[in-house]
Amino acid sequence: MVPEPFDHLPPDLLAGFVDCLWRMDRDGIVTAGGPIASHAADASAWAGRRFVECVDPQDRPRAERLWSEAVAGQAPVEGSLRLAADGGRDLFRLRLVPVTNGGWHGIGRRVSQDDLQAEAHRRLIETIDDGFCTLELIPGADGQPVDYRFLSVNPAFERQSGLADAAGRTALELVPELPQEWLKIYGRIARSGEAERFEEEQKSPHRFYEVYATPFDRSGLGRIAVLFRDILPRRKAEERLSTSERRLTTLVQGMPQLVWRASAAGRWTWASPQWAAYTGQAMVEASGFGWLKAVHPDDRQRVVTAWREAGARGEFRAEIRIRGVEEGAERWFQARALPVLDERGKVVEWIGTSTDVDEMHQLRGRQDVLLAELQHRTRNLLGVVTSVAERTARNAASLEDFLPRLRERLLALSRINGLLSQLDRGQRVTFDSLIRAELEARGFLDPDGDARVLLDGPDGVRLRSASVQTFALAIHELATNAVKYGALSQDEGRLAVHWRLCEADSGLRRLVVDWIESGPERPVAPPPLPGGGYGRELIEKALPYQLKARTTYEIGPGGVRCTIDLPVD
């Protein structure tokens, strides 16, 4: 029974609030009150105190806000507070209701643990981003569900599904094209009583849900609670990631480099298919430090040192030789790697490539050789020019005699160096090209042929590069003397040059050249010069000394007969 002075309160106002009642004046001072159940808080002890002072001290700020809200709106308000008379043990649901004379009624009900849990669940379901609903299956004649009715839905469900005011309505009413597969799954869950997790797609608006459904009512009414998580953004992200991974895989597999991943200190965790194809090492063999077995033994310590320095340098770099399984030989590779850092700047792993630079490495070596050879040839050429100038000056009668002779000999040097510069790596000047270049420079061996000159010998006899300049100068002197004083100075004169290859006892091949001039006696004899002339000195002294040649030189009535026998490649 409701005690005085609360017996005039309407029943609907007291519905659900029956633990304690009190009355306050317009200032919030308690004027009357008392318990209405044996377990209620004793509100009669509050008389003469402000309502806020009857609340547990920890909840008084909240009570002040509740009272201010009630006074400002002059309308019923509700709040959950702990009461001082109860020792702050339990939570009470309090309602403040205005009365006609300006006072207030206070009504309180103890909140049970079940109420607290239900309220927490309700608030949680209303605030989560996942859609949630409870539904009741509608069976057909055969007992199988033909539709379902929404009992409750949360705001997230309405946002995601696009269904407004769904509570109390059926699925077919809201979605005429309802997939039958959903009904089958929900019916199976209701019959088995077991929860299930699955994925389902919604066409309009397009959604892809991860669904968790479980029965919550054992009365046989087919009531199911369903949690929807929209995973469409995640699926799109996974598709983009999958596409990106496929592209990256295609890129890596199509690269000419050997690609790999490593942890600190060079311990490999992954290698691209190119590594296995080139080295023959499977991933299980290359993992850890197994990949070092494919590296040339002389290069392994350099690799270890480079990895020790990589952390401080922020980069791994080493030029190493790696053995190929098909070739059975090592090729030079440039190995490089950069670190992958986390948000704190710590190295997570290293991503690296090994690029085949063998051709570049060999080219660099050839360039070094060519540079050394160029320097050697330049020094030799300068020495030859100096010697030619000195010898020409020594045998010249005057400056007018000196300049033409020096010019001709320098032109001869120019021709032979032109031949040398046009050669590819590993090639040599051949004797037939040398003799033809010299005679063509003097107007012989024209395209129509010249019956005065006979060249007889095999093509392609290669000369040593170090001996070409001196040998060419000797041929130049023979040709010059033939044109000025010898057989080719007369129309009836003839020149025959025969050459052949012979095997020496030492196993080296030698080139034997016979220079034979023939014709009527020379009308003009070579002028007597100190030492017998520069050409003869070249043939009889320089060639034997510099080129280990054997030579003979004779001047007959028709011209010079000379034999030069020198080693060749």
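Just so it is clear, the model here is predicted, and its values are computed rather than measured. Start at 1 with the first residue, then count along the sequence.
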Where do [X] and [Y] come nearest, in terms of heavy atoms and distance?
X	Y	result
L183	Y148	CD2-CD2, 3.5 Å
A63	L81	CB-CD1, 3.8 Å
W22	L96	CZ2-CD2, 4.3 Å
D147	L172	OD1-N, 3.2 Å
W67	D27	CZ2-C, 3.8 Å

Subject >> Side chains of R336 and Q257, donor plus acceptor under 3.5 Å >> reply: no

Original post:
Is R223 positioned over the aromatic face of F216, cation under 6.0 angstrom from the ring centre and no more than 45 degrees off axis?
Top reply: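 No - R223 does not lie over the ring of F216 by the 6.0 Å and 45° rule.
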
Subject >> Salt bridge present between E64 and R60 (N-O < 4.0 angstrom) >> reply: no

Subject >> Electrostatic pair E199:R229 at N-O distance under 4.0 angstrom >> reply: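 No salt bridge links E199 with R229.
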
For this output row, return yes or no: ring centroids of [X] and [Y] closer than 6.0 angstrom.
X	Y	answer
W350	W260	no
W270	W275	no
F228	Y209	yes

Subject >> ring-ring contact (aromatic ring centres under 6.0 Å, His included) between F157 and F150, worked out >> reply: CA-CA 11 Å; F157 174 86; F150 290 102; 5.3 Å; yes

Subject >> Minimum side-chain heavy-atom gap T353-F333 below 4.5 Å >> reply: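 They are not in side-chain contact.
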
Subject >> Non-hydrogen side-chain atoms of R300 and H296 separated by less than 4.5 Å >> reply: no

Subject >> Over 12 non-hydrogen atoms of neighbours within 6.0 angstrom of CZ in R149 >> reply: no

